[in-house]
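Everything below concerns the one structure shown next.
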Amino acid sequence: AQKITQTQPGMFVQEKEAVTLDCTYDTSDQSYGLFWYKQPSSGEMIFLIYQGSYDEQNATEGRYSLNFQKARKSANLVISASQLGDSAMYFCAMRGGSNYKLTFGKGTLLTVNP
Amino acid sequence: DTAVSQTPKYLVTQMGNDKSIKCEQNLGHDTMYWYKQDSKKFLKIMFSYNNKELIINETVPNRFSPKSPDKAHLNLHINSLELGDSAVYFCASSPRPGGSKNIQYFGAGTRLSVL
């Protein structure tokens, strides 16, 4: 079984500062993928970044980076230089290599203050 | 040019009615999904089709019936709507069903309110 845990229901950050959103996972699969999605107040789900379990380097996409620590089973999202438009719900998700299903965490609501 | 489009965006209806939500993707993907997001924002898979074949069928009341006329379309029909069906329903698609690097792209969601 796959499980995603996001322990921070809400986070606050000042504009232009960096913020880390926590995500831990549990799976028995050796091959798996980790994903982060953003859901702004308008409601759509936007794919942000992907990390494969066998990727040697941490994934980066613009201001987003994924701090992947395999031994600790964590896949934290780091947003650098926060902007007001980053205020949204952020979901961590995973899929095991043998599984069709994407399992989501409960999400973290990020608020960026001016 | 929207990649995954759902219609309608909002749906308000009475208990007991039957309604449908349509989804279309123009990404050329083989696999499509329906998710339900409840009032606490928790997202859960309901169904998935790969090239018109059902591959995921979670524990969902049989009042919910997905239909895939072709691999670019996956519609969701709901019979005898109940108050508990009120939620946001998301359609998504991905290039294939499995594999770890298989990004799912979501539609904008349909907010269903059952009165």
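Lettering of chains follows the sequences in order, A, B, ..., and the numbering in each one begins at 1.
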Interface moiety of Met45(A) toward chain B, non-hydrogen atoms closer than 4.5 Å: both
CD (Glu44(A)) with more than 12 external heavy atoms under 6.0 Å: yes
4.5 Å side-chain heavy-atom contact, Lys41(B) and Phe91(A): yes
Crowding at NZ, Lys71(B) (>12 non-hydrogen neighbours, <6.0 Å): yes
Chain B contact via Gln39(A) - which portion, at a heavy-atom distance below 4.5 Å: side chain
Closest approach of Gln104(B) to Phe47(A) (non-hydrogen atoms, all atoms of both residues): O-CB, 4.5 Å
Residue part contacting chain A, namely of Lys44(B), when any heavy atom lies under 4.5 Å: neither
Chain A contacts, top residue of Tyr105(B), Tyr33(B), Phe90(B) (heavy-atom pairs, under 4.5 Å): Phe90(B)
Donor-acceptor contact below 3.5 Å, side chain Tyr37(A) vs main chain Phe106(B): no
Thr103(A) versus chain B, the contacting section by heavy-atom distance below 4.5 Å: neither
Region of Ile55(B) that comes under 4.5 Å of a non-hydrogen atom in chain A: both
Ile56(B) portion near chain A, given a 4.5 angstrom heavy-atom threshold: side chain
Enclosure of Phe42(B) CZ (heavy-atom neighbours >12, cutoff 6.0 Å): yes
Heavy atoms from other residues, nucleotides or ligands near NZ of Lys106(A) exceed 12 (cutoff 6.0 Å): no
Ring-ring centroid check Tyr35(B) Phe104(A), cutoff 6.0 Å: yes
